[in-house]
Structure formats: C-alpha cells, structure tokens
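Comments concern the structure below.
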Amino acid sequence: MQAIVGVAVRKACSDLFSAVLTDGQLQLQKTRKEFPGHFTVVVFPLTKISKLSPEATGELLGNYMVEQVPYVSAFNVVKGFLNVSMSQDFWSGFFTEALANARFGFAQEASGSHVMVEYSSPNTNKPLHLGHLRNNFLGYSVSEILKAVGHRVTKVQIINDRGIHICKSMVAWKNFGNGETPETSGLKGDKLVGKYYVEFDKAHKAQMKELVATGMDEERAAQQTSVMQQAQEMLRLWEARDKETIELWTMMNSWVYEGFTSTYQAMGVNFDKLYYESNTYINGKEEVEKGLAAGAFFKKEDGSIWVDLTDEGLDQKALLRKDGTAMYITQDIGTAILRFHDFPDLAYQIYTVGNEQEYHFKVLFKVLKKLGFEKADQCYHLSYGMVELPEGKMKSREGTVVDADDLMEEMAAVAHEVSAEQGKLEGLPEVEKKQLYHTIGMAALKYFLLRVDPKKNMLFNPKESIDFNGNTGPSVQYTFVRTRAILRRYAEANAGFDASKVMPTGHAMSEAELDVVAKIYEWPSVLELAAASYNPADVAHYCYDLAKLYNAFYQDHQIVREANEGARHFRLALTHKTGEVIRQGMSLLGIAMPDRM
RNA sequence: GGUCCCGUAGCUCAGUUGGAUAGAGCAGCAGAUUUCUAAUCUGCGGGUCAGGGGUUCGAAUCCCUUCGGGAUCACCA
C-alpha cells in the first residue's frame with residue numbers, strides 16, 4: 001500500500017528527471033501529526049538528481065503525483081518534506097478490504113520456514129520465579145508472532161533434570177524429609193523439592209561452620225561437609241544407574257513436573273516437545289567425540305577435549321572433562337544436534353535465555369558450525385535483560401525472589417479488588433468472575449513484562465504493574481470490552497450484529513475516524529517488524545496506540561445512536577474491526593480479551 | 001584488564017534503514033455531554049537525549065573518546 005506512493009515517486013523521478021532511484025534515495029515515512037498529509041517523501045536525497053532546491057523538487061513531484069497518481073488528493077511541501085494526502089476513496093477502499101479479511105495483517109500463506117523456539121528451560125530443583133515469567137512470556141509471544149507471519153513453529157524446552165543440584169534436593173529429602181510428599185505436605189511438588197534444596201543449603205552451611213571451627217579452610221570445608229559428600233556420591237550412583245537412586249530421582253522429578261505443569265497452565269504457555277538433559281548429554285558426548293575424530297576439536301594431555309576459537313575472536317573452550325563427563329555445553333551441543341535430526345526441515349533455532357549466557361551461545365553456535373551444521377549461522381540467542389526489583393537486583397541467592405505462582409495469584413487478587421470497586425460485574429456467576437480476575441491479572445503482568453524491549457534490563461514495580469490506568473494490559477482490555485459492549489448494544493436492538501452487513505458506503509470520515517483507519521493500516525507492517533526483530537514490545541505498543549486512538553474517536557462520536565445510516569454503519573464496522581485487531585494483536589502476546597469487565 | 005549490552009522528562013518506557021518543533025504512561029495541576037462501560041477523554045507544566053569531539057544538507061540514532069550502570073571472560077550450570 002505504501003507501495004502505491006513508492007512506485008509513484010519512482011515513476012515521477014523517471015518521468016521528470018529520467019533517473020532511477022536507489023532504495024536509499026527513496027525515503028517514505030508516516031507524516032507527523034502536526035502536518036497535513038498521510039505519507040511523507042523525504043526529498044533531500046532527490047535533489048542530487050533533480051538539480052533543484054528541495055522545495056522546488058517537492059513541488060514538482062507533488063504536482064506530478066496529484067495529477068498522475070490515483071488516490072493522491074493533495075500535497076504540501078515543508079522544507080525538504082513532501083507530504084501527500086490520500087483521498088477518502090483510498091482509505092475507505094482500504095478499510096473495506098481489511099474488513100473483509102478476518103485475519104487482516106496475518107500471513108495469508110505459509111512461509112515454508114520451520115523454526116524451533118526454546119524457552120523456559122528450568123532447573124528441576126527450584127520453583128519458577130519472576131525471571132522465568134519474562135522468559136516464558138517472551139518465548140511464547142515470539143512463537144506466536146512467527147506463526148502469524150506464516151512460519152511453522154515448534155515450541156520446546158530443555159529440562160535440566162540432571163546434575164549435582166538435583167542430588168542436593170534428593171540428599172536433603174532423604175535425610176530430613178521423613179517421607180514427606182506433595183500429598184502429605186499439601187505443597188505443590190516443585191515447592192516441596194525447592195524446600196529441600198534450601199534445607200540442603202542450610203545443613204551444608206551449618207556443617208561448614210563446624211568444620212571451619214576445627215581449623216579447616218573454607219574452600220576445603222565446602223567440599224568436606226557430610227551432605228556435600230552424600231550429594232556427590234548420589235551423583236556417582238545416578239550416573240551408574242543405581243536402581244534406588246534412579247527411583248528417588250524419578251519420583252522427585254515427577255513432583256516437580258506436576259508443579260510446573262500447573263504453573264505453565266496459569267501462565268498460559270505450552271510446549272510442543274520436551275527435551276531432557278538426562279537424555280541429551282549422552283548425545284553431546286558422542287558428538288564431541290565425533291568432532292574430535294573429524295579434527296574439529298583437540299585433546300589436551302590430561303585427556304580433556306577442547307575447541308579452539310581464537311581465530312574467531314573467542315577463546316579456547318573445554319567441551320568434555322578429563323574424566324570424560326559431560327559439561328553444560330556438552331549437553332547443549334547434543335540437544336541442538338538432536339533437534340536438527342528430529343526435525344530435518346528446521347531452518348534454525350531460537351534460544352530464549354537470559355543475557356548472562358551470551359558468551360555461551362556464541363561459543364555454542366561456533367561449535368555447531370565446526371561440526372558441519374550450516375544452519376548454526378541462522379541460530380539465534382533471544383537474549384533478554386534481568387528483571388530488577390525496586391529494592392535491588394533479583395537474584396535467587398539474595399532471597400528476594402518473587403515466586404511465579406504467588407505473583408500470578410496476587411495479580412488476580414488485585415484485579416478482584418479493582419473490579420469490585422468498579423462494580424460492573426454484578427450478576428456474573430462466581431466461577432466466571434474468578435476466571436475474569438485471572439484474565440485481567442495476567443494481562444497486567446504479561447503486558448508489563450512484554451512492553452519493554454527484551455534486551456534491556458527492566459524494573460518490575462509491583463505497585464505500578466497492577467495500575468490498570470495508562471499504558472497497561474487491562475486498559476487495552478477495557479477498550480476491547482468497550483467495543484464489545486457497543487456491538488452488543490446494537491445487536492440487542494437489531495436482532496444481531498453481522499459485520500458483513502454494515503459495510504461502509506460513502507461515509508466521509510472525520511479526522512478521528514481516519515486516525516483509527518490509518519492505524520489499522522499500519523498493522524501488517526508492525527507485525528512484520530516485530531517478527532523480524534523478535535520483539536513483542538512492538539505489538540504491545542501498537543495495540544495500546546490503536547486502543548488510544550479508538551478511545552479518542554469514541555469520545556466524540558455517536559455510534560449506535562447515530563441517525564445517519566452510512567455513518568452508523570461505518571462506525572459499527574470500525575468498532576468491530578478495531579476490536580478484532582486488538583484481540584488478535586494481544587493474543588500474540590498471550591493475552592486474552594474478556595467480553596466484559 | 002578483554003568483550004558485549006545499557007544510559008532519553010521526577011519515575012517507568014517509546015523513538016523503523018540518520019530526517020521536520022524528541023513522544024507516551026504514571027505522578028502533579030486545570031477541565032469534560034455522569035454515557036453506546038469515566039478502568040475514558042482534553043489541556044498545562046516538566047528535556048544539555050550522560051559529557052566531549054567527529055562524519056553531513058540534517059545525529060537521540062553512525063564513528064571516536066570520557067564517565068556511570070550491568071553482564072561475561074571455569075574441566076559451574
């Protein structure tokens with residue numbers, strides 16, 4: 001569509017100056033709102049070929065376009081900027097088209113690309129916290145956005161179910177648990193296991209203190225506590241597939257998975273396939289051995305295997321310990337390759353992981369490349385910044401973790417309070433109310449975490465996140481609810497509402513109406529940009545802007561009560577379409593729209 | 001010390017490949033048919049885009065540099 005103007009400018013330059021424009025010379029943008037017009041051509045780059053002043057060039061082009069190009073109704077030149085206005089016909093034509101397309105903005109056909117998105121990927125010894133919320137919402141949202149532009153997406157996570165950290169919880173449970181289970185304790189499975197992880201730490205610290213009191217140095221004491229010794233023994237037994245150990249491990253992990261499942265359900269995220277580190281680390285070892293045989297890696301005297309990335313500007317990096325056991329990166333190599341085997345048509349993988357692991361992924365992708373995976377060049381680390389709290393940084397060690405379940409519950413509770421104050425939900429069944437509070441609370445949380453550029457560290461202010469005014473999820477929901485209320489009102493008086501029966505015909509749009517239509521016009525390009533930059537924040541801001549413009553329109557236009565049929569139908573259609581775009585846009589953020597609130 | 005990211009209004013954040021007088025929300029102040037849902041709308045005040053230099057018709061945006069904040073540089077995960 002913007003193409004219409006672009007093509008026109010190219011043709012004008014060819015006709016007027018007999019010059020072919022390069023992409024750099026053709027600069028089109030939306031006209032700033034303080035100037036009349038819809039699209040703006042930046043004429044500075046064109047003065048070189050016109051050999052005229054910017055103003056004269058603009059005038060010449062403007063005149064040509066008004067005369068020669070359909071839909072261009074007027075123009076003005078300010079300094080070096082040519083602002084062109086499109087006719088009402090153009091906008092109503094566009095709107096009619098958009099209205100007929102229920103999935104306007106979404107790809108009409110598959111792109112043919114298959115992308116894998118990994119997110120969440122928790123450890124099994126700790127419950128999910130605020131940082132995981134940003135991770136999950138981001139990963140889920142990017143997946144949905146990629147689907148919207150036509151890609152096939154497979155959502156996965158790698159579950160870090162192996163290693164010393166799991167053994168710690170196991171040891172503590174064995175020593176102090178007295179056979180406690182989620183059933184007997186009434187605790188969620190992941191919370192119960194997390195509790196024993198903390199118990200381990202307590203016991204470990206206490207025993208360390210005793211050892212240090214006997215004159216042992218701290219470093220040694222940390223290795224020598226009885227619980228630590230037990231944990232290491234447990235890891236050895238696990239690797240040796242000791243029956244009893246594996247049974248305990250399986251049982252405690254199943255508790256965790258049950259807990260995670262309910263947390264994911266509350267979050268509204270899901271996965272197409274799960275990978276377990278306990279399976280993939282073996283692949284990793286094999287791949288590293290293969291790479292060694294193929295000459296991609298080298299072995300040090302002590303038997304450890306390394307990759308040399310110094311000519312890539314990186315360092316040497318160990319891939320396998322001297323005792324032959326797997327490291328963190330070993331299992332990631334195995335997992336990545338396994339995935340390419342599982343899905344041979346995979347174009348690339350996206351890893352949603354915190355920015356503290358940027359170096360790790362740089363190394364990983366180089367290693368994959370060395371192993372012959374050309375697709376590794378396309379792999380992408382979707383890196384995001386830390387979520388900080390007003391009091392200070394969010395780190396699990398510092399005890400200021402905000403538990404994911406607790407936070408989600410709190411958000412729903414606040415939604416409850418605010419809704420009760422508003423008093424608009426009378427007559428709604430209790431079950432639906434409860435569902436609604438969750439929907440609103442999650443909208444607040446998700447929108448707050450997703451509206452910030454992923455790569456930036458962000459501040460999570462609990463108080464502000466639950467403010468339902470302003471640039472927030474609930475305020476966008478509210479605008480959607482408003483569109484529903486209006487259409488409902490119309491339907492009651494007119495035996496239903498059918499969008500296809502209220503086509504706008506010959507209505508001269510007001511400025512506020514045109515603002516909304518022009519915003520809807522932007523939707524496809526916003527979606528494209530969000531997909532290209534893996535940035536849900538673009539979608540969030542767009543939905544808010546659209547809602548804001550609709551509210552401004554709503555403020556001084558009659559809709560259902562409008563006497564003129566043409567205007568009434570146009571506004572009903574606009575209300576319908578705005579609601580749809582908001583609903584579809586917000587759904588890409590994983591945010592649901594209620595019918596009333 | 002090396003590498004990477006960030007620094008925009010009192011606070012939280014936007015700002016496409018360099019474009020016009022740098023924008024929203026919150027907080028503050030002043031207003032609006034008490035409705036087709038006011039969880040809204042309109043207006044006002046608030047800025048050395050961290051500092052300095054450079055590139056050019058034009059810089060918050062690109063380059064150099066200084067300062068400040070964060071991350072990372074394990075045979076940890």
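All values below were derived from every heavy atom in this structure, side-chain atoms included, with hydrogens, water molecules and symmetry-related copies excluded. Residue numbering restarts at 1 for every chain, and letters A, B, ... go by the order of the sequence lines.
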Exercise for review: Would you mind telling me which of B/rA14, B/rG70, B/rU37 lies closest to the side-chain atoms of A/Asn457?
Suggested key: B/rG70
Check your understanding: With a 4.0 Å cut-off on heavy atoms, is A/Tyr359 in touch with a base, just the backbone sugar-phosphate, or nothing at all?
Key -> sugar-phosphate
Review point. Taking the six-membered ring for Trp, does A/Phe44 stack with B/rG19 (centroid gap under 5.5 Å, planes within less than 30°)?
Key: yes
Practice item. Answer yes or no: are there more than 12 heavy-atom neighbours, outside A/Arg220 itself, under 6.0 Å from its atom CZ? Key: no
Review point. What's the closest nucleotide to the A/Asn355 side chain, out of B/rC13, B/rA71, B/rG15?
Key: B/rA71
Check your understanding: Is there a side-chain polar atom (N or O) of A/Lys48 under 4.0 Å from OP1 or OP2 of B/rC57?
Key -> no
Exercise for review: Kindly say if A/Arg482 contacts the phosphate of B/rC41, meaning a side-chain N or O under 4.0 Å from OP1 or OP2.
Suggested key: no
Review point. At under 4.0 Å, does any side-chain N or O of A/Gln422 touch on OP1 or OP2 of B/rA39?
Key: yes
Review point. Does the B/rA20 base have a donor-acceptor partner in the side chain of A/Thr40 within less than 3.5 Å?
Key: yes
Review point. Would A/Tyr544 count as stacked on B/rA24 if the rule is ring centres under 5.5 Å and plane angle under 30°?
Key: no
Check your understanding: Does a distance-only test, which skips hydrogens and angles, find a donor-acceptor pair under 3.5 Å between the side chain of A/Asn83 and the base of B/rA20?
Key -> yes
Review point. With a 4.0 Å cut-off on heavy atoms, is A/Val78 in touch with a base, just the backbone sugar-phosphate, or nothing at all?
Key: base
Check your understanding: How is A/Asn461 classified with respect to the nucleic acid when contacts are heavy atoms under 4.0 Å: base, sugar-phosphate, or nothing?
Key -> nothing
Point to revise | Spacing of the C1' atoms in B/rU61 and B/rG23 (rounded, Å) | key: 15 Å
Exercise for review: Would you mind classifying the nucleic acid contact of A/Ile559 as base, sugar-phosphate or nothing, using non-hydrogen atoms under 4.0 angstrom?
Suggested key: base
Practice item. Select one nucleotide: of B/rA39, B/rA20, B/rA14, the one nearest the side-chain heavy atoms of A/Phe35. Key: B/rA20
Exercise for review: For nucleotides B/rC64 and B/rC73, find the distance between their C1' atoms and express it as a whole number of Å.
Suggested key: 25 Å
Point to revise | Shortest side-chain distance from A/Lys424, nucleotide among B/rU42, B/rA20, B/rA39 | key: B/rA39
Exercise for review: Determine, for A/Lys205 against A/Asp201, whether the closest basic-nitrogen to carboxylate-oxygen distance falls under 4.0 angstrom.
Suggested key: yes
Exercise for review: Using a heavy-atom cut-off of under 4.0 Å over every strand shown, decide if A/Glu356 touches base, sugar-phosphate, or nothing.
Suggested key: sugar-phosphate
Review point. If the C1' atom of B/rA50 is compared with that of B/rG58, how far apart are they to the nearest Å?
Key: 23 Å
Point to revise | base_contact_polar (B/rU37 base, A/Tyr478 side chain, donor-acceptor, <3.5 Å) | key: yes
Exercise for review: May I ask which nucleotide in the shown strands pairs with B/rU72, Watson-Crick or G-U wobble, both distances under 3.5 Å?
Suggested key: B/rG2
Exercise for review: Take the angle between the ring planes of A/Tyr490 and A/Phe497 and call it parallel below 30°, perpendicular above 60°, tilted in between.
Suggested key: perpendicular
Check your understanding: Under 4.0 angstrom, heavy atoms only, what part of the nucleic acid is A/Gln558 near: base, sugar-phosphate, or nothing?
Key -> base
Review point. Counting side-chain heavy atoms from C-beta on, which of B/rU42, B/rA22, B/rA39 comes nearest to A/Arg32?
Key: B/rA22
Review point. Hey, does the side chain of A/Lys362 come within less than 4.0 Å of B/rU3's phosphate (OP1/OP2), counting only N and O?
Key: no
Point to revise | Exceeds 12 heavy-atom contacts within 6.0 angstrom, atom CD of A/Glu218 | key: no
Review point. Is A/Arg162 paired with A/Glu239 through a side-chain N to carboxylate O contact shorter than 4.0 Å?
Key: yes
**Study point:** Given B/rU42, B/rA20, B/rU33, the nucleotide with the shortest approach to the side chain of A/Gln29
**Key:** B/rA20
Exercise for review: For the pair A/Phe44 and A/Phe81, name the ring-plane relationship: parallel under 30°, tilted 30 to 60°, perpendicular over 60°.
Suggested key: perpendicular
Check your understanding: Distance between the P atoms of B/rG45 and B/rA39, in whole angstroms?
Key -> 28 Å
Review point. Between B/rC13, B/rU37, B/rA39, which one does the side chain of A/Phe468 approach most closely?
Key: B/rA39
Check your understanding: Given B/rG19, B/rU37, B/rA14, which nucleotide is nearest the side-chain atoms of A/Asp453?
Key -> B/rA14
Review point. Quick one: is A/Lys456 getting a side-chain N or O under 4.0 Å of the B/rA14 phosphate, OP1 or OP2?
Key: yes
**Study point:** d(OH, A/Tyr447; C1', B/rC13) in whole Å
**Key:** 10 Å
Review point. Crowded around A/Lys300 NZ? As in, over 12 foreign heavy atoms under 6.0 Å?
Key: yes
Practice item. Mind checking A/Ser419 for me? I need base, sugar-phosphate or nothing, with any heavy atom below 4.0 Å counting as a touch. Key: base
Review point. Can you tell me if the side-chain N/O atoms of A/Arg489 get under 4.0 Å from OP1 or OP2 in B/rU37?
Key: yes
Check your understanding: P atom, B/rC11 versus B/rC67: distance in rounded Å?
Key -> 24 Å
